[in-house]
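Here's the structure we're looking at; comments come further down.
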Amino acid sequence: MKILMTTVGAVAALLLAQTSGAADEISADARLAAQHVAVMTCATCHGPQGRSIVPKFPALAGQHPKYLAAQLQAFKAQTRGDPDALGYMWGMAAPLSDEMISALAAYYGAQTPAAGSAGDAGAIARGADIYANGVAAEGIPPCIACHGPGAVGTGEYPRLAGQHAQYLLKQLRSFQNNMRNVAVMHGVAQDLKASEMEAVAAYLQSLR
Ligand code: HEC
Ligand code: HEC
């Protein structure tokens, strides 16, 4: 009996060690389950491996897992608001467990982003200037300061390169009018003019 108890204790300790070790890793089961959800559900809108084809639906391929997980948590908590977030993503995120959110974020982060698409050359050049230098006269900071060279982002600063211009433009408007309520991006976007938003969105979409 004593031996049995010791064995049970040892096995329990081993299991505990494995679970805590797996907290930042993601279990093989969770990875498989996330891949299944991504292919069967999310791909309907976000495209195969998150390379979205429809401009209303953001590309997720190659986005930073930390940012993706934070957004899924924000949809789940219903704090990322605007009619499209509410209409499309609150319901999608509601049933996702924390583990599933981490695994989905890891899945999309590991996919190769699609190449960007060209647009109006004049708008792209103007957008490149705003991205690199901001608009000093209007108090708009350089986007590159946070989103990085090539707009590939880091951790909580999302990748913007190759994202659909229509989606980017809508987010900038939502930050401006606080429907997507994020203080740092509200500060950036509050004085951006419509033509400046269009230019920077065209530039970002053109990047690969
Ligand atoms: C019916 C269409 C639809 C489905 C299915 C869907 N999404 Fe979305 N998703 C959207 C739309 C639309 C947005 C943009 C919302 C906005 O404009 O604020 C979005 C936004 C997102 C974002 C934010 C991206 C960013 O760059 O900030 C993430 C992350 C996301 N979805 C993940 C998922 C995951 C994971 C699934 C599957 C569980 C999923 N979506 C299923 C329509 C969909
Ligand atoms: C001080 C840092 C900072 C600067 C400068 C900055 N951003 Fe951001 N940006 C952020 C953060 C942080 C987020 C993520 C917000 C969130 O958590 O929802 C973000 C999100 C975004 C998004 C949403 C991306 C998505 O996938 O939904 C867009 C679009 C964006 N920024 C564009 C810009 C543009 C254009 C500029 C320059 C005019 C800029 N940003 C300057 C910090 C910054």
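As the structure lists them, so they are numbered: ligands from 1, and atoms in each ligand from 1.
- Interface atoms of ligand 1 facing Lys170, defined by a heavy-atom separation under 4.0 Å, are 16 (C), 17 (O), 18 (O).
- Shown are Gln163, His46, His164; of these, the side chain to side chain donor-acceptor pair (under 3.5 Å) with Ser52 is made only by His164.
- Applying the 4.0 Å criterion to heavy atoms of Leu168 picks out, from ligand 2, the atoms 29 (C).
- Using cut-offs of 30° and 60° on the angle between ring planes, the pair Tyr131 and Tyr203 is tilted.
- Atom 40 (N) of ligand 2 has its closest protein heavy atom at His147 NE2, 2.9 Å.
- Every atom of ligand 2 is numbered from 1 in the order shown, and the set under 4.0 Å from a heavy atom of Gln71 is 16 (C), 17 (O), 18 (O).
- The N/O atoms of Gln171, backbone and side chain alike, include one that comes under 3.5 Å of an N/O atom in ligand 1.
- Some N or O of Tyr67 is nearer than 3.5 Å to an N or O of ligand 2, by distance alone.
- The proximity of Pro58 to ligand 1, defined as any non-hydrogen pair under 4.0 Å, is limited to the side chain.
- Atom 8 (Fe) of ligand 1 does not have Met92 among its coordinating residues (no N/O/S atom, backbone or side chain, under 2.8 Å).
- Each of the following atoms of ligand 2 lies closer than 4.0 Å to a heavy atom of Pro158: 13 (C), 14 (C), 19 (C), 20 (C), 24 (C).
- Annotation for ligand 2: atoms under 4.0 Å from non-hydrogen atoms of Val184 are 1 (C), 2 (C), 12 (C).
- The Thr41 neighbourhood of ligand 1 comprises atoms 5 (C), with distances under 4.0 Å to a heavy atom of that residue.
- Backbone and side-chain nitrogen or oxygen atoms of Arg80 are examined, and one is located within less than 3.5 angstrom of a nitrogen or oxygen of ligand 1.
- The closest side-chain donor-acceptor pair between Arg51 and Gln111, if any, does not fall under 3.5 angstrom.
- Residue Pro142 has at least one heavy-atom neighbour below 4.0 Å for each of these atoms of ligand 2: 5 (C).
- Geometrically, ligand 1 and His46 share a nitrogen or oxygen pair separated by less than 3.5 Å.
- Taking a cut-off of under 4.0 Å to the non-hydrogen atoms of Val182, the atoms of ligand 2 that pass are 15 (C), 16 (C), 18 (O).
- Between Arg180 and ligand 1, a contact under 3.5 Å exists for no N or O pair.
- Applying the 4.0 Å criterion to heavy atoms of Leu60 picks out, from ligand 1, the atoms 24 (C), 28 (C), 29 (C), 32 (C).
- For ligand 1, none of its N or O atoms has an N or O atom of Tyr108 under 3.5 Å away.
- Looking at Gln63 next to ligand 2, no N or O pair under 3.5 Å apart turns up.
- Taking every non-hydrogen atom of Leu68 and a distance limit under 4.0 Å, the qualifying atoms of ligand 1 come out as 29 (C).
- Considering each of Tyr157, Tyr131, Tyr203, the one bringing a non-hydrogen atom nearest atom 12 (C) of ligand 2 is Tyr157.
- Annotation for ligand 2: atoms under 4.0 Å from non-hydrogen atoms of Leu172 are 32 (C).
- Heavy-atom proximity to Val188, at under 4.0 Å, picks out these atoms of ligand 2: 4 (C), 5 (C), 6 (C), 36 (C), 37 (C), 38 (C), 39 (C), 41 (C).
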